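From a predicted model like this one, the values you see are computed outputs, not experimental measurements. FYI, side chains are in, hydrogens and waters are out, and symmetry mates aren't considered; it's all heavy atoms of this structure.
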Amino acid sequence: MVKLRLKRCGRKQRAIYRIVAIDVRSRREGKDLIKVGFYNPMKNKTYFNLPIILYFLEKRAQPTVTVQNLLKNKI
């Protein structure tokens with residue numbers, strides 16, 4: 001099963017997150033299938049590649065609660 005979830009990147013105390021499509025059995029920093037966006041909580045910026053996100057949602061990928069809230073705020 002595939003999920004859309006956050007993958008932590010960046011320095012200590014300055015985290016940014018990539019929004020990735022990843023297998024549910026993988027770790028947070030594990031190998032992802034594809035990067036579909038990013039979220040910077042320090043500057044409150046988000047970017048989504050909507051065609052790819054919609055493709056994965058059609059294929060029954062489940063977004064995590066956090067990613068779902070980011071998508072609701074954006075759309």
Fill in: Test side chain to side chain donor-acceptor pair (under 3.5 Å) applied to Asn69 - qualifying residues, sequence neighbours left out
none
Check which hydrophobic residues are tied to [X] through side-chain heavy-atom contacts below 4.5 Å, counting indirect links as well, and list them.
X	value
Met42	none
Tyr47	Phe38
Val65	none

Fill in: Qualifying residue for side-chain contact (heavy atoms from CB on, under 4.5 Å) with Val36, from Val20, Val67, Ile19, Leu50
Ile19
Discussion item. If the condition is side chain to side chain contact (heavy atoms under 4.5 Å, CB included), which residues does Lys43 pass it with, not counting sequence neighbours?
Written reply: Asn40, Lys45
Measuring from atom [atom1] of [X] to atom [atom2] of [Y], what distance do you get when rounded to the nearest 0.5 angstrom?
X	Y	atom1	atom2	answer
Tyr39	Thr66	OH	OG1	9.0 Å
Asn49	Leu54	CG	CG	9.5 Å
Gln68	Gln62	CD	CD	8.5 Å
Lys7	Asp32	NZ	CG	4.0 Å
Ile22	Met1	CD1	CE	13.5 Å

Fill in: salt bridge (Lys or Arg N to Asp or Glu O under 4.0 Å) involving Arg60 - partner list, sequence neighbours excluded
none
Are any non-hydrogen side-chain atoms of [X] and [Y] less than 4.5 angstrom apart?
X	Y	answer
Leu57	Leu4	yes
Ile53	Leu71	yes
Pro41	Tyr17	yes
Arg18	Leu6	no

